**Q** 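Dumping the structure here so I can ask a few things about it.
Just so it is clear, the model here is predicted, and its values are computed rather than measured.
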Amino acid sequence: MTEVKPARVRFAPSPTGRFHIGSARTALYDFLLARQSGGQFILRIEDTDRNRFDPQAEKEYYEALRWLGLKWDEGPDIGGPYSPYRQSERTEIYRKLTEELIAGGHAYYCFCTPERLTQVRQLQQKRKEPTRYDGLCRRLSPEEARDRALGGESYVIRFKTPQEGQTTAVDLLRGPITVDNQTIDDYILVKSSGMPVYHLAAMADDHMMKITHVLRGSEWLPTFPLHVLIYEAFGWQQPIWIHLSVLLNPSGKGKLSKRSAVDPKSGAKAVFVNDLRKMGYLPQAVINWITLMGWSYDDHSEFFPMGDLIEKFSIEKLSPSPAAVNFSKLDHFNGLYIRSLSTDELAEQLLPFFTAAEIDADLTEIKVLVPLIQERIRTLDEAVNMAGFFFQADVHPEPSELIGKKMSAQDSACAAEKAHEVIQTLSESEFEQLEHALRDLADELEIKAGQLFGILRVAVTGQKVSPPLIESMVIVGKKTVLARIARAAEILNTLE
RNA sequence: GCCCCCAUCGUCUAGAGGCCUAGGACGCGGCCCUCUCAAGGCCGAAACCGGGGUUCGAACCCCCGUGGGGGCACCA
């Protein structure tokens with residue numbers, strides 16, 4: 001990136017629900033733009049809707065953002081030059097701006113009741129007309145309106161949309177979007193509670209906070225011209241507008257929903273960032289994955305650690321078309337990042353998953369087995385199933401699985417017993433030469449090494465699929481290996 | 001119903017008029033490697049929504065269809 005001006009970019013979630021990967025993607029693009037330009041990434045909480053407010057939500061956003069490594073430069077918790085960063089604490093600012101708008105003839109008081117508005121809407125629907133405010137209070141004289149408001153009558157403030165002409169709004173990715181002003185409603189700017197709605201609050205804050213690039217979801221496209229009109233009414237200079245594509249369900253049908261990709265075991269949903277963490281995904285993998293939904297670098301690069309992203313990201317290469325999420329690609333990236341970790345790093349990531357599964361493992365123990373599982377797991381939690389046998393006192397193999405390939409139970413039992421003998425003769429120091437000994441035994445028994453290994457694998461690990469057998473046996477230790485093989489032989493002998 | 005946006009393999013995408021017999025990735029199939037499973041290597045199937053223009057030439061530009069998505073709240 002050459003000579004870009006420092007960008008001031010904001011991520012402005014509404015604390016009404018969980019932190020979705022769609023929002024995470026927006027936040028990520030914000031972050032990248034700020035970092036690569038040497039600008040600021042700002043966190044602003046848009047909590048003007050007191051009815052939908054969820055006290056848990058803000059915390060979840062903080063947590064998830066931190067986990068992803070998207071550190072903000074200004075925000076409600078850390079302050080900044082344009083404090084406060086929580087809209088509910090900025091009402092005085094909005095109040096003054098509203099007065100300015102009314103005085104300039106760009107907004108008016110409206111006394112219509114919600115009931116009347118519903119009636120109007122229903123009538124319009126019946127007549128198959130566009131649904132919009134019918135303008136009753138727009139025709140009130142400013143003096144009369146002010147008197148009624150001062151007299152205690154309940155009111156809202158509406159934007160006085162020009163009734164003629166057109167408005168052109170320019171989106172960086174889509175170019176100019178021109179609409180007839182007639183199609184733009186006289187939107188409510190301030191609710192009867194005195195709280196502003198998004199259309200006023202977000203525009204005001206973006207301007208006051210000197211935001212240079214507004215990145216937001218394409219669900220704002222329909223009201224985009226309204227926002228331009230509001231900027232013009234105030235005489236403010238517009239930021240660069242970028243409307244990101246929506247994320248679609250994996251099927252490509254419909255907007256990504258909360259029902260998508262639910263983990264049946266934990267009930268975790270792969271659409272929420274904090275759930276992704278619990279499901280054993282690495283933040284770098286999640287970042288790399290969501291970056292590529294709607295952005296690309298060239299015709300062959302896909303692996304982008306954060307440092308590369310900051311360097312290579314560019315808003316011009318963002319795509320305007322909707323993208324269906326592909327969870328198997330997340331698995332792929334997660335595998336890639338797991339394999340890119342050092343033994344120590346991966347062990348540290350793994351520890352909490354063993355703990356959560358109530359397996360008493362410490363870091364040193366995990367480090368020993370990491371090399372055996374590193375290239376075999378796609379999510380961190382898989383390590384528990386794959387390597388749990390290292391820590392358990394006993395394994396409980398499925399008896400039928402103990403039988404060697406193309407072998408009888410008796411022959412398998414015999415093979416297990418012979419293996420037991422062979423291993424027993426080995427001293428701890430010779431234990432690492434196990435493989436030769438066992439291969440020789442297989443020859444002697446006139447079976448394939450794979451057949452013998454299969455029996456021992458299930459005997460020692462309790463699993464048909466496991467890390468490499470010999471290495472696993474060495475870690476498990478001679479004593480336990482012998483006990484487990486002996487037990488397996490017993491089981492096999494009961495099978496006829 | 002009204003308004004807006006979008007349109008290349010199943011999915012994410014490269015492609016900004018000739019470099020395209022359309023490239024990469026995930027997934028899928030096959031082979032190799034191999035103690036299972038992975039990882040890795042190699043190979044393969046798989047797309048320019050349709051119709052009109054413009055042009056010597058169109059996946060790329062324009063128009064019309066069609067399809068998909070989004071929005072029509074005192075929510076954001």
**Q** So, applying side-chain contact (heavy atoms from CB on, under 4.5 Å) with A/P225, which one of A/V179, A/N181, A/T161, A/I230 is it?
**A** A/V179

**Q** Taking the P atom of each, how far is B/rG41 from B/rG27, in whole Å?
**A** 13 Å

**Q** In whole angstrom, give the distance that lies between atom CG of A/D49 and atom P of B/rC74.
**A** 12 Å

**Q** Does atom CD of A/Q182 have more than 12 heavy-atom neighbours from other groups under 6.0 Å away?
**A** no

**Q** Taking CG from A/L244 and C1' from B/rA76, how many angstroms apart are they, rounded to a whole number?
**A**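 Value for this atom pair: 16 Å.
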
**Q** When both hydrogen-bonding distances must be under 3.5 Å and the geometry is Watson-Crick or G-U wobble, what is B/rG40 paired with, if anything?
**A**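 B/rC32 is the nucleotide pairing with B/rG40.
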
**Q** Is it the case that B/rG1 (base atoms only) and A/Q125 (side chain only) share a donor and an acceptor within less than 3.5 Å, ignoring hydrogens and angles?
**A**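 Donor-acceptor pair under 3.5 Å: no.
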
**Q** Please measure how far the P atom in B/rG51 lies from the corresponding atom in B/rA58, and state the result in whole Å.
**A**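 Going atom to atom, P in each nucleotide, I get 14 Å.
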
**Q** Using the P atom in both, what is the distance from B/rC49 to B/rC56, to the nearest Å?
**A** 25 Å

**Q** Using whole Å, what does the distance between atom C1' of nucleotide B/rC37 and atom CZ of A/F389 come to?
**A**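 Distance, rounded to whole Å: 12 Å.
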
**Q** For A/D299 and B/rA59, give me the distance from atom CG to atom P, rounded to whole Å.
**A**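 Roughly 19 Å, once rounded to whole Å.
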
**Q** Rounding to the closest angstrom, what is the interatomic distance between B/rC9 and B/rG71 at atom C1'?
**A**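 Here B/rC9 and B/rG71 have their C1' atoms 31 Å from each other.
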
**Q** Heavy-atom nearest nucleotide on RNA chain B for A/P467 versus A/K329: which residue maps closer to 5'?
**A**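 Taking each residue's closest nucleotide, the earlier one in sequence belongs to A/K329.
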
**Q** For B/rC72, what is the paired nucleotide under Watson-Crick or G-U wobble rules, both distances under 3.5 Å?
**A** B/rG1

**Q** Does A/K317 have a side-chain nitrogen or oxygen under 4.0 Å from the phosphate oxygens OP1 or OP2 of B/rG15?
**A** yes

**Q** Return no unless some side-chain N or O of A/H332 is found under 4.0 Å from OP1 or OP2 of B/rC26.
**A** yes

**Q** Across all strands, who's sitting opposite B/rU11 as a Watson-Crick or G-U wobble pair, both distances under 3.5 Å?
**A**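 B/rA25 is the nucleotide pairing with B/rU11.
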
**Q** Between A/R158 and A/Y109, is NZ or CZ placed under 6.0 angstrom from the six-membered ring centre and within 45° of the ring axis?
**A**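 No, A/R158 does not lie over the aromatic ring of A/Y109.
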
**Q** Just call it for A/G254: base, sugar-phosphate, or nothing, with non-hydrogen atoms closer than 4.0 Å on any strand.
**A** sugar-phosphate

**Q** Base, sugar-phosphate alone, or nothing: which one does A/G294 contact when heavy atoms must sit under 4.0 Å apart?
**A** sugar-phosphate

**Q** If you look at every strand shown and take non-hydrogen atoms under 4.0 Å, does A/R378 touch a base, only sugar-phosphate, or nothing?
**A** sugar-phosphate

**Q** Does NZ or CZ of A/K312 fall inside the cone over A/Y297's six-membered ring, less than 6.0 Å from its centre and within 45° of the axis?
**A**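 The answer is yes, since A/K312 meets both limits relative to A/Y297.
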
**Q** Return the nucleotide paired to B/rG67: Watson-Crick means purine N1 to pyrimidine N3 with N6-O4 or O6-N4, wobble means G-U with N1-O2 and O6-N3, both under 3.5 Å.
**A**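 Looking at the geometry, B/rG67 pairs with B/rC6.
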
**Q** Taking 4.0 Å as the cut-off, does a side-chain nitrogen or oxygen of A/R439 come that near to OP1 or OP2 on B/rC35?
**A**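 So the side-chain polar atoms of A/R439 do come within 4.0 Å of the phosphate oxygens OP1 or OP2 of B/rC35, strictly under.
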
**Q** Whole angstroms only, please: what is the CD-P distance between A/E401 and B/rU36?
**A**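 Taking atom P of B/rU36 as the reference, CD of A/E401 is at 16 Å.
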
**Q** When you compare B/rA46 with B/rU54, how far apart are their C1' atoms, in angstrom units rounded to a whole number?
**A** 32 Å

**Q** Would you indicate what A/V156 reaches in the nucleic acid, counting non-hydrogen atoms under 4.0 angstrom: base, sugar-phosphate, or nothing?
**A**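 Touches a base.
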
**Q** Starting at atom CG of A/L247, determine the distance to atom P of B/rG68, rounded to an integer number of angstrom.
**A**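 Roughly 20 Å, once rounded to whole Å.
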
**Q** In whole Å, measure the gap between the C1' atoms of B/rG53 and B/rG17 for me.
**A** 15 Å

**Q** Grab the CD-C1' distance between A/Q463 and B/rC35 for me, whole Å please.
**A**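 So the two atoms are 15 Å apart, to the nearest Å.
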
**Q** Using atom CG of A/N249 as one end and atom C1' of B/rC12 as the other, report the distance to the nearest whole Å.
**A**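 Going from CG in A/N249 over to C1' in B/rC12 covers 15 Å.
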
**Q** Using a 4.0 Å heavy-atom cut-off, does A/K126 contact any base of the nucleic acid, only the sugar-phosphate backbone, or nothing at all?
**A** nothing

**Q** For A/L469, report the nucleic acid contact type (base, sugar-phosphate, nothing); a contact means any heavy atom under 4.0 Å.
**A** base

**Q** Taking B/rA59 as the reference, what is the distance to B/rC3 when you measure between their P atoms (whole Å, please)?
**A** 33 Å

**Q** Both A/G450 and A/W295 contact RNA chain B. Taking the nearest nucleotide for each, which residue is further toward the 5' end?
**A**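 Checking each residue's closest nucleotide, the 5'-ward one belongs to A/W295.
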
**Q** When rounded to the nearest Å, what value does the distance between P atoms of B/rG70 and B/rC32 take?
**A** 47 Å

**Q** Quick one: is B/rA73 close enough that its OP1 or OP2 comes under 4.0 Å of any side-chain N or O from A/K191?
**A**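 The answer is no; no side-chain N or O of A/K191 sits under 4.0 Å from OP1 or OP2.
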
**Q** Distance check: side-chain N/O of A/R339 vs OP1/OP2 of B/rG40, anything under 4.0 Å?
**A**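 Checking A/R339 against B/rG40: at least one side-chain N or O falls below 4.0 Å of OP1 or OP2.
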
**Q** Does the side chain of A/T48 get closer than 4.0 angstrom to OP1 or OP2 of B/rA76 through an N or O atom?
**A** yes

**Q** For A/A323, report the nucleic acid contact type (base, sugar-phosphate, nothing); a contact means any heavy atom under 4.0 Å.
**A**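 Result for A/A323 = sugar-phosphate.
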
**Q** Are more than 12 heavy atoms from other residues, nucleotides or ligands located less than 6.0 Å from atom CZ of A/R146?
**A** no

**Q** Ignoring hydrogens, what is the shortest heavy-atom contact between A/M203 and A/H199? Give both atom names and the distance.
**A** CG-O, 2.9 Å

**Q** Name the nucleic acid region contacted by A/K255, choosing base, sugar-phosphate or nothing; use a 4.0 angstrom heavy-atom cut-off, strictly under.
**A** sugar-phosphate

**Q** Classify the angle between the aromatic ring planes of A/Y61 and A/F19 as parallel (below 30°), tilted (30 to 60°) or perpendicular (above 60°).
**A**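 Rings of A/Y61 and A/F19: tilted, 30 to 60°.
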
**Q** On the side chain of A/S192, is there an atom forming a donor-acceptor pair with the base of B/rC74 - under 3.5 Å, no angle test?
**A** yes

**Q** Restricting to salt bridge (charged side-chain N to carboxylate O under 4.0 Å, His left out), what partner residues turn up for A/R44, sequence neighbours left out?
**A**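 In terms of salt bridge (charged side-chain N to carboxylate O under 4.0 Å, His left out), with neighbours along the sequence ignored, A/R44 is linked to A/E46, A/D205, A/D206.
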
**Q** Are A/F313 and A/W295, when compared by the centres of their aromatic rings, separated by less than 6.0 Å?
**A**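 Distance test on ring centres: under 6.0 Å, yes.
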
**Q** Does the B/rC35 base have a donor-acceptor partner in the side chain of A/E471 within less than 3.5 Å?
**A**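 Counting by modelled atom types and ignoring angles, a donor-acceptor contact under 3.5 Å is found here.
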
**Q** I'd like a list of close polar pairs between nucleotides 3-10 of chain B and the protein, N/O only, cut-off under 3.5 Å.
**A**
residue : atom : partner : partner atom : Å
B/rC5   : O2'  : A/R174  : NH1          : 2.5

**Q** Here's a test for you: under side-chain contact (heavy atoms from CB on, under 4.5 Å), which of A/I338, A/V384, A/L380 qualifies with A/L350?
**A**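 The side-chain contact (heavy atoms from CB on, under 4.5 Å) with A/L350 is passed solely by A/L380 among A/I338, A/V384, A/L380.
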
**Q** Around atom NZ of A/K367, are there more than 12 heavy atoms of other residues, nucleotides or ligands at under 6.0 Å?
**A** yes

**Q** Let's test this: given Watson-Crick or G-U wobble pairing with both distances under 3.5 Å, identify the partner of B/rA45.
**A**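 When the pairing criteria are applied, nothing turns out to pair with B/rA45, so the answer is none.
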
**Q** Would you mind classifying the nucleic acid contact of A/P225 as base, sugar-phosphate or nothing, using non-hydrogen atoms under 4.0 angstrom?
**A**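 No contact.
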
